[in-house]
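Values in this document were obtained by computation on a predicted structure and should not be read as measured data.
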Amino acid sequence: MEDTTNVRATVTGIGVCSGIKAGRVYHVTAPIEEPAPGLRLSPREDYDKAAARIAQASDKVQANLEQAAQRATLESTREMLEATATMAADPTLVADAQRRVREDHLVPERAVWEAAHEVTEQFTALGGYFAERTTDIRDIRDRIIASLTGLLAPGLPASDEPYVLVAPDLAPSLAATLDENLVLAIVTDGAGPTSHTAIIANAKGIPAVVAARGATELLAPGSIALVNGSSGIVVNNPTPEELEAALKQSDVVRTFSGEGATKDGHRVQILANVGDPASAAEAAAAGAEGVGLFRTEFCFLDRETAPSVEEQVAEYAAVFAHFPGKKVVIRTLDSGADKPLPFLTFDDEENPALGVRGYRTAERSPELLDQQLQAIATAARANSSTDVWVMAPMISTVDETSAFVASCEKHSLNTAGVMIEVPSAALLSGHILATAKFASIGTNDLTQYAMAADRLMGVLANFSDPWQPAVLQLISATCQGALLHSRPVGVCGEAAANPALALVLVGLGVTSLSMSPRAIPEVATALAAVDLEKCRDLARIAVASPTAADARHAVRDALPELTALGL
C-alpha cells in the first residue's frame with residue numbers, strides 16, 4: 001500500500017454532524033484475524049477445561065460491556081451497549097463453540113469463530129432485524145477471541161492526544177464508547193447517515209463524515225486530517241493556511257436565541273429529540289423551543305413485562321416538567337424490528353422491519369396502547385402548561401390514522417398526529433392529514449423504505465442518504481398534502497440536524513425541525529443566514545437533481561453563506 005502519510009489529497013463522503021476539526025489520524029485497533037482452520041487440541045489436553053475457557057471469556061466480555069453501559073451518560077449509548085451485552089450473554093454461541101471443542105477438539109478460538117459464522121449465516125438468511133445484528137455477532141466473536149488469545153480487542157486506539165478516528169466502519173458497541181474529549185472527528189468508508197455511528201456522533205457533537213470510500217487507505221495513521229462534518233469533505237495534510245482558516249471557524253461558539261427563524265423572519269420551530277428525563281434536561285438547557293420527538297421506548301426496554309400506567313406517568317411527567325409553556329410531541333411505543341420486546345415481539349416474522357412494528361402492534365395488543373395513552377393524558381394533566389401532542393409511528397394508511405386519532409380523543413388527547421416513515425403515508429398525506437392534526441417525518445425510516453436499503457448496512461450507505469431526490473420528493477408530497485388542511489409538518493430524523501439540508505426542508509414546506517440538542521445552534525445559525533425564498537430555491541435545486549450527491553453538491557455550491565460560517 002502506498003504511504004500517504006505526507007500526501008495531500010481529498011476524500012468526500014456524507015457529512016452527518018456539523019463542525020470542522022483537524023488532528024492526527026488514528027485507525028481502530030487491527031481486526032482479529034481468522035484462526036487457522038483445523039487447529040486442534042492435542043489428545044493430552046483437558047477438553048472440558050478448554051471449553052470452560054470460552055464461557056469465562058464470554059462472561060468477561062459481557063461484564064466489560066455492562067460496565068461501559070453503566071458509565072455511559074447518553075441514553076442511546078447505554079441502550080446500545082446493553083443490547084450488545086445481552087447478545088454476548090446469549091448461551092447459543094458459547095454452547096455451540098464448547099460443543100466444537102469437546103466433539104471436534106478444536107482450539108477454543110477456532111471453535112468460537114466457526115460457531116459465530118454459523119450464527120451469522122442463520123441471521124442473514126432470516127433477514128430484517130436478525131440480519132442487522134450480524135455486525136454485533138462478529139463484534140462479540142472478536143472480543144471473545146481477543147480475551148482467549150490475550151490480544152487487544154478491536155477498538156479505539158490507545159492515545160492521550162485528541163485524534164481523528166478513521167475506520168472502515170464502527171461496530172455499534174465501539175461507536176457507543178467514543179469519548180468526545182479524545183475523538184475530534186470521525187471518518188468511515190462505510191456506515192451511512194442513519195447508522196449508529198452517525199446517530200452517536202450527532203448525540204455527542206463529534207463532526208463526522210461517513211460513506212467516504214477509500215478513506216482508510218488514503219488517510220494513513222500519523223497524517224493530519226482536516227474534517228468538515230457539514231460539507232463531507234476531508235483533506236489529508238492540509239496547508240498551514242487551510243488549517244488556520246478552518247480552526248478559526250471551529251473556535252466560534254454558537255448559541256441559540258430560543259426562537260428559530262429565517263433571515264426575513266419566517267418562523268421555524270427548532271425542537272429537540274429526547275429519549276428520557278436526562279436528555280430532556282439537556283434539551284431544555286440548550287434552549288430548545290420544545291420537543292419534536294419524545295421516544296417512549298426507554299420505559300419498555302429491558303423488561304419482561306410492560307410498565308404499569310403509574311410507572312409511565314412518572315417518567316412522562318418528568319419530561320413534560322422541563323418544558324412548561326412549550327410543545328412536547330410524544331411518540332407512542334415504537335417496538336419491533338431493531339427494538340424487540342419480550343412481551344410484544346412476534347417470533348414468526350421473516351422480516352421484522354416489514355412486519356408488526358410501530359403502531360401495528362396495537363392491532364394485536366390494543367391494551368398496551370390504551371394504557372400508554374392513559375398515562376400520557378394523566379401526565380399531561382399534571383403538567384397543564386405543557387402543550388402535549390401525541391403521534392403514532394409507522395402509520396401507512398388512512399384507516400390506521402382514523403383509529404389512532406379516535407383512541408387519542410377517548411383520552412382527551414386532542415392534538416393527535418402521525419409519523420410519516422413509509423412512502424404510502426407520504427403519498428396519502430392529503431387524506432391522512434384531513435384527520436390527523438399534524439405530521440412528523442422520520443427521515444431515517446422514510447429513506448430506508450423508499451430506497452429499499454437497510455439503514456444499518458454500511459455497504460448500502462449511499463442509498464441510505466436523505467439527500468436522495470426520491471426521498472425529498474416524498475417530503476415535498478407530504479408538505480403539499482399538509483397545505484390542503486393547513487397542518488404543520490415537522491422533521492425529526494437525522495436530516496434535520498444537517499444545516500444545509502435543514503434549509504432545503506424548510507424550502508419544501510417543513511414548519512419545525514427536531515434534532516439532537518447539540519445540533520441546535522448550528523441549524524439556527526444556518527436558518528438565520530438566508531431568507532425563505534432562498535430556502536425555496538434550494539429545495540427546487542435539490543428535488544430536481546438526479547442523484548443524492550448532485551443534490552448535496554448543488555445546494556452546497558449555492559450556499560456561500562454557510563461556507564463563510566464554517567457550516
Met515 vs Val523, side-chain contact (heavy atoms from CB on, under 4.5 Å): CA-CA, chis, key distance, verdict: CA-CA 9 Å; Met515 63 205 72; Val523 173; 3.6 Å; yes
Heavy-atom side-chain proximity of Phe438 to Val489 below 4.5 angstrom: no
Contacts of Ser476 that satisfy side chain to side chain donor-acceptor pair (under 3.5 Å) - sequence neighbours left out: Gln480
Euclidean distance, Leu271 CG relative to Ser512 OG, rounded to 0.5 Å: 5.0 Å
Side chain to side chain donor-acceptor pair (under 3.5 Å), paired with Thr296, selected from Gln372, Glu315, Gln312: Gln372
Main-chain N/O of Glu494 paired with Asn498 side-chain donor or acceptor, under 3.5 Å: no
Residue pair Arg518 / Glu522: nearest heavy atoms and the distance that separates them: O-OE1, 3.1 Å
Ala272 backbone acceptor or donor facing Ser514 side chain under 3.5 Å: yes
Test side-chain contact (heavy atoms from CB on, under 4.5 Å) applied to Pro521 - qualifying residues, sequence neighbours left out: Arg254
Reported NZ-to-CH2 distance for the pair Lys327 and Trp389, which is rounded to 0.5 angstrom: 4.0 Å
Short side-chain to backbone donor-acceptor contact, Ser402 and Val398, under 3.5 Å: yes
Heavy-atom side-chain contact between Val234 and Thr12 under 4.5 Å: no
side-chain contact (heavy atoms from CB on, under 4.5 Å) partners for Asn228, two or more places apart: Ile20, Ser230, Ser231
Side chain Asp189, main chain Arg213, donor-acceptor under 3.5 Å: no
Verdict with supporting geometry, Leu559 and Val530, side-chain contact (heavy atoms from CB on, under 4.5 Å): CA-CA 9 Å; Leu559 275 172; Val530 299; 4.0 Å; yes
Verdict with reasoning, Val187 to Leu165, per side-chain contact (heavy atoms from CB on, under 4.5 Å): CA-CA 6 Å; Val187 184; Leu165 180 66; over 6 Å; no
Spacing of Ile186 atom CD1 and Leu170 atom CG [to the nearest 0.5 Å]: 6.5 Å
Nearest heavy atoms of Cys17 and Ala201, plus distance in Å: SG-O, 3.7 Å
Value rounded to 0.5 Å, distance of CG in Asn444 from SG in Cys492: 8.0 Å
CD-CG distance between Glu259 and Leu527, expressed to the nearest 0.5 angstrom: 12.0 Å
Sequence neighbours excluded, every pair satisfying salt bridge (charged side-chain N to carboxylate O under 4.0 Å, His left out) that has a member inside residues 523-539: Glu533-Arg536, Glu533-Arg540, Lys534-Glu561, Asp537-Arg540
Any pair counted as ring pair (Phe, Tyr, Trp, His ring centres under 6.0 Å), so long as it reaches residues 395-418, sequence neighbours left out: Tyr359-Phe404
Enclosure of Lys263 NZ (heavy-atom neighbours >12, cutoff 6.0 Å): no
Lys326 and Asp387 ion-paired at < 4.0 Å: no
Set of residues satisfying side-chain contact (heavy atoms from CB on, under 4.5 Å) with respect to Ala549, sequence neighbours excluded: Thr547, Arg552, His553
Greater than 12 external heavy atoms within 6.0 Å of His431's NE2: no
Candidate pair Leu369 and Thr332, rule side-chain contact (heavy atoms from CB on, under 4.5 Å), full reasoning: CA-CA 7 Å; Leu369 175 63; Thr332 56; 3.9 Å; yes
For the student: nearest non-hydrogen atoms of Phe298 and Gly275, plus distance: CD2-O, 2.9 Å
For the student: nearest non-hydrogen atoms of Ile14 and Ala211, plus distance: CD1-CB, 4.0 Å
Check: Leu508 and Val543 side chains under 4.5 Å, non-hydrogen atoms: yes
Donor-acceptor contact below 3.5 Å, side chain Arg487 vs main chain Ala436: yes
Stepwise side-chain hydrogen bond (donor to acceptor under 3.5 Å, both in side chains) check, Asp465 with Gln468: CA-CA 6 Å; Asp465 186 343; Gln468 290 285 353; 5.5 Å; no
Sequence-distant partners of Glu289, side chain to side chain donor-acceptor pair (under 3.5 Å), two or more places apart: Arg267
Minimum heavy-atom distance Phe320-Thr386, with the two atoms named: O-OG1, 3.1 Å
Pairwise distance CZ(Phe300) to CG(Asp334) - rounded to 0.5 angstrom: 11.5 Å
Test side-chain contact (heavy atoms from CB on, under 4.5 Å) applied to Ala284 - qualifying residues, sequence neighbours left out: His322, Phe323
Thr361 side chain vs Arg357 backbone, donor-acceptor pair below 3.5 Å: no
Gln448 side chain vs Asp454 backbone, donor-acceptor pair below 3.5 Å: no
Minimum side-chain heavy-atom gap Leu373-Leu413 below 4.5 Å: yes
Partners passing side chain to side chain donor-acceptor pair (under 3.5 Å) against Thr188 (at least two apart in sequence or in another chain): none
Close side-chain approach of Thr415 and Val390, heavy atoms under 4.5 Å: no
Listed partners of Phe463 passing ring-ring contact (aromatic ring centres under 6.0 Å, His included), at least two apart: none
Heavy-atom check, side chain of Leu427 versus side chain of Thr478, under 4.5 Å: no
Minimum side-chain heavy-atom gap Asn273-Arg295 below 4.5 Å: yes
Pairwise salt bridge (charged side-chain N to carboxylate O under 4.0 Å, His left out) hits with a residue in residues 391-414, at least two apart: Asp370-Lys410
With Gln473 via side chain to side chain donor-acceptor pair (under 3.5 Å) - residues at least two apart: none
Nearest atoms (heavy-atom pairs only) where Ala450 meets Val471: CB-CG2, 4.2 Å
Residue pair Val504 / Leu501, side-chain heavy-atom distance below 4.5 Å: yes
